[in-house]
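Structure record follows, encoded as C-alpha cells.
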Amino acid sequence: MLRLILAEDSVLLRAGLTEVLSRSGHEVVAAVGDAEALMRAVAAERPDVVVTDVRMPPDFRDEGLRAVLELRAADPSLPVLVLSQYVATAYAARLFDGSAGGTGGTGGTGAVGGLGYLLKDRVGEVDEFLDALERVAGGQTVLDPEVIRVLLNHRPADHPLGRLTPREREVLALMAEGLNNQAVAARLFVTEAAVVKHASSIFMKLALDPAEGNRRVLAVLAHLRGSAG
C-alpha cells in the first residue's frame with residue numbers, strides 16, 4: 001500500500017483518481033486542488049508518492065510543476081508522478097533536469113526518488129496508470145509513450161540522438177518508459193543480450209560516463225534536453 005497525496009484542480013478527476021487509488025489498495029492521505037495546499041499537505045503527511053497536475057490555480061500555468069520542483073529541491077528522494085493534459089516537452093525537461101545525480105532509488109542518503117510524466121489520457125488506462133505509479137514509487141523513471149514519440153520526432157538535427165540507429169532509438173524510447181532490459185527485450189522480440197549491446201552503444205554515442213549514476217536516467221535526460229528547446 002502506498003500513501004499518496006493527490007493534487008488536481010478538477011473536482012471530478014480528483015474524486016475519480018481517489019476512488020481508483022483507494023480501490024487498488026492505496027491510501028490517499030490528502031486530495032487538494034492547488035499548489036499551496038499541495039505544499040502544506042506534503043509537509044504534514046510525508047507521503048510515499050505525490051501525484052499532481054501541471055497547471056493549477058490561480059493562473060493555471062505551471063503552478064503544480066513549480067511546487068514539485070520546490071519539493072524535490074528540499075527532498076530529492078520524494079517520488080513524484082506528474083499528470084499533464086498535453087505533451088509539453090519544456091515541462092518534462094524541467095521536471096527531469098537534474099534528476100540523475102543519485103542512484104534512482106528512494107532510500108538512503110543522497111538517493112533520488114522516482115519521477116514520472118504521464119498524459120491525463122493515460123489515467124483512463126487504469127492498469128497502465130497504476131503500474132506507472134508503482135514504478136515511480138520504486139524509484140524508476142516513467143515517461144508517457146506519446147511524450148517519447150513527440151520528443152523523438154522533434155529533436156534538433158545536430159543533436160547526438162541523430163547518431164542512433166532506428167533500433168537504438170526504439171531501445172531508448174522503451175528505456176525512457178522505465179522498462180528494464182528484460183521488458184525491452186520482450187517488447188522488441190529480441191534477446192536481453194541484444195538489448196545490453198544496444199544500450200551500451202546508446203551510452204557511448206550520447207557520451208554518458210558509466211560512473212555518473214543511473215545511465216538509463218541520464219539517457220532519458222539527454223533525450224529530453226535535446227528535444228525540448
Steps toward salt bridge (charged side-chain N to carboxylate O under 4.0 Å, His left out) verdict (Arg167, Glu170) = CA-CA 5 Å; Arg167 177 61 89 184; Glu170 288 179 319; 2.9 Å; yes
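- Side-chain contact check for Leu172 versus Leu164: some heavy-atom pair is nearer than 4.5 Å.
- Under a hydrophobic-cluster definition in which Ile, Leu, Val, Met, Phe, Trp and Tyr are linked whenever side-chain heavy atoms come within less than 4.5 Å, directly or via other members, Val142 and Leu6 are assigned to the same cluster.
- Dense packing is recorded around CZ of Arg66, with more than 12 heavy atoms of other residues, nucleotides or ligands lying under 6.0 Å away.
- A distance-only check finds no donor-acceptor pair linking the side chain of Asp9 to the backbone of Pro57 [under 3.5 Å].
- Counting non-hydrogen atoms of other residues, nucleotides and ligands closer than 6.0 Å to CZ of Arg46 gives a total of 12 or fewer.
- Here the closest heavy-atom approach between residue Ala31 and residue Thr18 is recorded as CB-OG1, 4.1 Å.
- Hydrophobic cluster membership differs between Met204 and Ile202, with clusters built from Ile, Leu, Val, Met, Phe, Trp and Tyr side chains linked at under 4.5 angstrom.
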Please test Asp121 against Asp144 for side-chain contact (heavy atoms from CB on, under 4.5 Å), starting from the C-alpha separation and ending with a verdict.
-> CA-CA 10 Å; Asp121 288 348; Asp144 193 287; over 6 Å; no
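- At least one side-chain heavy atom of Lys120 sits less than 4.5 Å from a side-chain heavy atom of Glu8.
- Applying the salt bridge (charged side-chain N to carboxylate O under 4.0 Å, His left out) test to residues at least two apart or on different chains, the pairs with a partner in residues 194-207 are Glu168-Lys205.
- In this structure, the side chains of Met1 and Glu27 come closer than 4.5 Å at one or more pairs of heavy atoms.
- Asn180 places a side-chain N or O within 3.5 Å of a backbone atom of Gln182 that can act as its donor or acceptor partner.
- Taking 4.0 Å as the cut-off between side-chain N and carboxylate O, Arg3 and Glu45 count as a salt-bridged pair.
- A side chain to side chain contact (heavy atoms under 4.5 Å, CB included) with Pro47 is found for exactly one of Leu4, Val42, Leu2, namely Val42.
- Leu38 and Ala67 make their closest contact through CD2-CB, 4.0 Å (heavy atoms, listed as atom of the first residue, atom of the second, distance).
- Under the 4.5 Å side-chain contact rule for hydrophobic residues, Phe60 and Met39 do not share a cluster.
- Following chains of ILVMFWY side-chain contacts shorter than 4.5 Å, one cannot reach Val54 starting from Met56, and the two form parts of different hydrophobic clusters.
- Leu81 has its side chain within reach of Phe129: a pair of non-hydrogen atoms, C-beta onward, lies under 4.5 Å apart.
- When hydrophobic clusters are built by joining Ile, Leu, Val, Met, Phe, Trp and Tyr residues whose side-chain heavy atoms come closer than 4.5 Å, directly or via intermediates, Leu174 is not grouped with Val196.
- Expressed to the nearest 0.5 Å, how far CG of Leu119 lies from OG of Ser84 amounts to 6.0 Å.
- Within the 3.5 Å criterion, the main-chain N or O of Leu78 finds a donor-acceptor partner in the side chain of Arg72.
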